[in-house]
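Input: a single structure, listed below in structure tokens.
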Amino acid sequence: MRYDLVIFDNDGVLVDSEPISNRLLAGYLTELGHPTSYEESLRDYMGSAMHRVHDLIEERTGERLPADFDDVFHARVFAAFERELEPVAGAVGLLEKLAADGVPYCVASSGSHERIRVGHRKTGLDRLFDDGRIFSSEDVGRGKPAPDLFLYAAERMGAVPERCVVVEDSPLGVQAAVAAGMDVYGFTAMTPAERLVGATRLFSDLGELADLLL
């Protein structure tokens with residue numbers, strides 16, 4: 001094994017949530033008077049914590065989003081997850097192989113703990129992640145692209161950064177991993193390769209990843 005720890009992003013890497021959440025985010029922002037397309041939502045917010053949405057809207061318009069924005073948005077997202085969410089193709093098999101081979105892994109997501117758990121329950125990934133393997137931007141002061149979340153996950157899992165690899169599909173996540181001093185494998189299923197600048201390697205199918213990691 002080339003690494004002591006594999007750190008997975010969650011949305012778009014393990015669960016196919018990015019199309020759902022960005023469609024809903026674009027619609028909700030537009031509804032509130034901040035016209036946003038699905039493509040713009042992916043460009044600006046994919047892989048980020050919710051505070052980035054608030055910060056960018058205020059920076060661009062001088063207006064603050066409603067105090068209940070996060071609650072309303074998450075309620076819509078969770079309802080859609082229950083109807084639509086699936087694991088990313090190859091995710092279950094990859095995690096089962098890592099578990100069978102005794103390879104340490106965890107998830108470090110910009111999403112809330114509740115969002116991670118809702119998604120894992122719906123897709124059946126919850127059996128592959130106990131609480132000690134789940135880390136959220138809620139656990140640290142700054143979300144991606146700051147390195148804090150990945151460094152926190154490594155510390156809690158007992159690994160040094162230079163022996164960790166991060167699996168990411170967003171530019172912000174790649175930036176965070178690089179800033180943490182970790183290798184990062186960029187998943188290009190939804191994100192054009194040219195947007196994942198700084199990735200150690202690129203791949204397009206989770207089925208390839210086990211061979212790349214070993």
Side-chain angles (χ1 to χ4, degrees), residues 1-15 17-18 21-22 25 41-56 58-59 70 88 91 94-95 98 103-117 119-120 129-203 206 209 212-213:
M1 178 66 189
R2 296 176 58 190
Y3 300 100
D4 294 340
L5 176 65
V6 183
I7 303 175
F8 289 96
D9 176 42
N10 190 56
D11 294 294
V13 172
L14 297 178
V15 297
S17 52
E18 293 290 10
S21 58
N22 281 281
L25 179 58
S41 183
L42 286 174
R43 180 195 69 202
D44 293 342
Y45 306 119
M46 181 174 166
S48 67
M50 286 302 294
H51 67 76
R52 179 175 170 85
V53 182
H54 291 264
D55 293 345
L56 280 185
E58 185 171 7
E59 178 184 311
D70 290 12
V88 170
L94 172 62
L95 293 169
L98 294 179
V103 176
Y105 67 86
C106 65
V107 64
S109 172
S110 293
S112 66
H113 278 284
E114 183 182 13
R115 177 184 172 119
I116 297 167
R117 284 173 171 78
H120 284 190
F129 285 96
D130 56 50
D131 287 347
R133 295 177 189 259
I134 298 175
F135 306 102
S136 161
S137 61
E138 291 181 323
D139 300 327
V140 295
R142 299 179 299 166
K144 305 169 191 178
D148 305 36
L149 176 57
F150 291 143
L151 293 172
Y152 176 75
E155 180 184 8
R156 291 291 300 273
M157 294 292 293
V160 295
E162 57 268 25
R163 294 289 301 158
C164 297
V165 62
V166 176
V167 183
E168 264 287 355
D169 70 332
S170 76
L172 294 175
V174 169
Q175 292 172 40
V178 170
M182 301 176 180
D183 280 0
V184 54
Y185 286 14
F187 187 29
T188 61
M190 272 194 65
T191 307
E194 60 269 19
R195 294 200 65 213
L196 300 179
V197 176
T200 310
R201 302 187 69 159
L202 298 172
F203 70 101
L206 284 182
L209 193 55
L212 295 177
L213 292 173

For residues 147-162, run the donor-acceptor check on the side chains, cut-off 3.5 Å, and write out each pair with its distance to 0.1 Å, sequence neighbours left out.
| from | atom 1 | to | atom 2 | distance (Å) |
| --- | --- | --- | --- | --- |
| Asp148 | OD1 | Arg142 | NH2 | 3.0 |
| Asp148 | OD2 | Arg142 | NE | 3.4 |
| Tyr152 | OH | Arg156 | NH1 | 2.6 |

Identify all side-chain donor-acceptor contacts of residues 166-174 below 3.5 Å with residues at least two apart in sequence or on another chain.
| from | atom 1 | to | atom 2 | distance (Å) |
| --- | --- | --- | --- | --- |
| Glu168 | OE1 | Ser170 | N | 3.4 |
| Glu168 | OE1 | Ser170 | OG | 3.4 |
| Glu168 | OE2 | Lys144 | NZ | 2.6 |
| Ser170 | OG | Gly173 | N | 2.9 |

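- Residues Val88 and Val13 form no side-chain contact, since every pair of their non-hydrogen atoms from C-beta on lies 4.5 Å or further apart.
- Proximity of a side-chain donor or acceptor of Ser41 to a complementary backbone N or O of Leu25 within less than 3.5 Å is not detected.
- To the nearest 0.5 Å, the span separating OG on Ser137 from NE2 on His51 amounts to 6.5 Å.
- Between Asp44 and Arg52 there is no salt bridge, since none of the side-chain N atoms of the basic residue sits less than 4.0 Å from a carboxylate O of the acidic one.
- Under a 3.5 Å cut-off, the side chain of Ser112 and the backbone N or O of Arg115 do form a donor-acceptor pair.
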*Working for side-chain contact (heavy atoms from CB on, under 4.5 Å), residues Leu202 and Tyr185*: CA-CA 6 Å; Leu202 298 172; Tyr185 286 14; over 6 Å; no
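- Side-chain N/O atoms of Asn10 and Ser109 include no donor and acceptor closer than 3.5 Å.
- Electrostatic pairing of Arg117 and Asp131 counts as a salt bridge here, judged by a charged N lying under 4.0 Å from a carboxylate O.
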*Please report the C-alpha distance between Leu5 and Cys106 in whole Å, then the side-chain angles of each, then the deciding distance to 0.1 Å, and finally whether the side-chain contact (heavy atoms from CB on, under 4.5 Å) criterion is met.*
CA-CA 8 Å; Leu5 176 65; Cys106 65; 4.3 Å; yes
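- Atoms CZ and CD1, on Phe135 and Ile116 in that order, are 10.0 Å from each other to the nearest 0.5 Å.
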*So Asp9 and Phe187, side-chain contact (heavy atoms from CB on, under 4.5 Å) or not? Walk me through it.*
CA-CA 10 Å; Asp9 176 42; Phe187 187 29; over 6 Å; no
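- Residues Glu58 and His54 fail the side-chain proximity criterion, which asks for heavy atoms closer than 4.5 Å.
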*asked:* Let's go through Leu14 and Val107 carefully: what are the C-alpha distance in whole Å and the side-chain angles of both, what is the deciding distance for side-chain contact (heavy atoms from CB on, under 4.5 Å) to 0.1 Å, and is it a yes or a no?
replied: CA-CA 9 Å; Leu14 297 178; Val107 64; 4.2 Å; yes
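- Residue pairs meeting the side-chain hydrogen bond (donor to acceptor under 3.5 Å, both in side chains) criterion with at least one partner in residues 191-201, sequence neighbours excluded, are absent.
- Between the side chains of Asn22 and Tyr45, no donor-acceptor pair is found at a separation under 3.5 Å.
- A donor-acceptor contact shorter than 3.5 Å links the side chain of Glu138 to the backbone of His113.
- Between the side chain of Arg163 and the main chain of Arg2, a donor-acceptor pair closer than 3.5 Å is present.
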